[in-house]
Amino acid sequence: KDVEEKLSQQQKFLEAKKQMLEQEIKNGKLKGLTAEQFREIEENFKKFDLDKDQVINKKELTACLYSLGEERSNSEINAIIQKYGKNKDTIGYDGFREFMIHLLGDTDTKEEIVTSMQMMKKNQEECHVYLMEQVMSNEDLKYFEATAKKNTSGFYDYKGWVEQMFARQTPTINNNTQPTHHY
């Protein structure tokens, strides 16, 4: 009977671990974007691939970016196509998606985020939630509070939290708040 109970507990543990790993893989693939943003990227590619040849030329990319409020010069468009395209004149969906991830996704470095958090402290010893409320959205603050650990003084360990986010560890959520952003 004990062996059966241990086996059952182990199976439950492994199933929970499997689900956690699947979610982490999914989050890693999103690279800071929501599933909705990925759908929008795909829709924009299809919309601006006017001749339906599975690539976007310079003119189509310029129009696409302009529609998104990203007006770019000819030299910037050329640089984007050089970096993300397969040839010097067009960019395929994979390259377009990578460019859009760079444009819209998580691009701050660990050091930049720690520096931002230090700036929020305003030369105080600890980073108080009321200071974060002034610069973070309510949704982001809720996620931070749900996933960041408190230090021995009862304040949030923002440096540890940033390390956790960049290690892409699945954070322990203290309440039912679902993460929407990774910093």
Side-chain angles (χ1 to χ4, degrees), residues 1-47 49 54-56 68 83-86 91-118 120 126-129 132-133 135-183:
K1 192 100 176 165
D2 281 347
V3 172
E4 289 175 1
E5 182 62 30
K6 286 182 181 182
L7 176 62
S8 175
Q9 288 176 352
Q10 185 68 17
Q11 288 172 330
K12 288 177 185 176
F13 169 78
L14 291 174
E15 182 58 32
K17 186 73 167 173
K18 177 184 170 192
Q19 289 175 0
M20 181 183 74
L21 290 172
E22 287 172 347
Q23 184 63 42
E24 187 60 29
I25 290 167
K26 182 180 175 184
N27 289 344
K29 288 179 180 177
L30 293 178
K31 298 181 182 181
L33 300 180
T34 65
E36 178 63 28
Q37 286 173 307
F38 269 97
R39 281 191 293 282
E40 288 174 9
I41 289 170
E42 185 175 0
E43 288 169 10
N44 277 325
F45 183 86
K46 289 177 181 177
K47 178 179 177 182
D49 179 16
Q54 305 302 307
V55 294
I56 291 181
L68 298 171
K83 183 172 182 177
Y84 296 98
K86 291 188 177 184
I91 185 171
Y93 175 71
D94 290 340
F96 178 78
R97 185 184 67 229
E98 286 304 309
F99 168 68
M100 294 304 291
I101 288 169
H102 174 75
L103 185 67
L104 303 172
D106 291 336
T107 57
D108 290 335
T109 66
K110 188 183 338 181
E111 292 76 23
E112 290 169 332
I113 293 170
V114 169
T115 299
S116 296
M117 297 295 261
Q118 289 171 333
M120 275 191 267
E126 305 288 349
C127 191
H128 297 272
V129 172
M132 289 186 258
E133 288 174 330
V135 295
M136 295 173 80
S137 72
N138 191 35
E139 186 179 16
D140 289 345
L141 185 58
K142 282 172 116 179
Y143 177 66
F144 176 81
E145 291 178 304
T147 57
K149 294 179 180 156
K150 290 187 176 182
N151 63 24
T152 56
S153 303
F155 295 101
Y156 291 104
D157 176 12
Y158 68 90
K159 288 182 182 177
W161 179 78
V162 171
E163 287 293 330
Q164 179 184 6
M165 293 298 104
F166 274 85
R168 295 289 187 198
Q169 298 171 353
T170 301
T172 303
I173 297 182
N174 303 325
N175 57 33
N176 291 330
T177 304
Q178 293 299 312
T180 57
H181 299 283
H182 287 281
Y183 292 89

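Residue numbers run from 1 in the order of the sequence given.
When atom types are taken as modelled, the side chain of T147 and the backbone of Y143 share a donor-acceptor pair closer than 3.5 angstrom.
Between L68 atom CG and I41 atom CD1 the span is 9.5 Å, to the nearest 0.5 Å. The structure places CE of M100 at 9.0 Å from CD of Q37, a figure rounded to the nearest 0.5 Å. Here CZ of R97 is found 10.5 Å from CZ of F45. Values are rounded to the nearest 0.5 Å. Remark: L141 CG to E133 CD distance equals 5.5 Å, nearest 0.5 Å. K86 NZ to I91 CD1: the interatomic distance, rounded to the nearest 0.5 Å, is 11.0 Å.
Just one residue in the list Q11, E15, Q10 forms a side chain to side chain contact (heavy atoms under 4.5 Å, CB included) with F13, and that residue is Q10.
At a threshold of 4.5 Å between non-hydrogen side-chain atoms, the residues S8 and K12 count as touching. For the pair E145 and Y156, the minimum side-chain heavy-atom distance is below 4.5 Å.
Checked against the 6.0 Å centroid threshold, W161 and F144 count as a close aromatic pair.
Contact check on R39 versus E42 returns no salt bridge, with no Lys/Arg side-chain nitrogen under 4.0 Å from an Asp/Glu carboxylate oxygen. Salt bridge annotation for D49-K46: absent, with no cationic side-chain nitrogen under 4.0 angstrom from a carboxylate oxygen. Using a 4.0 Å cut-off between charged nitrogen and carboxylate oxygen, E163 and K159 do not count as a salt-bridge pair.
In this pair, Y84 and H102 present their aromatic rings tilted. The plane angle is within the 30 to 60° band.
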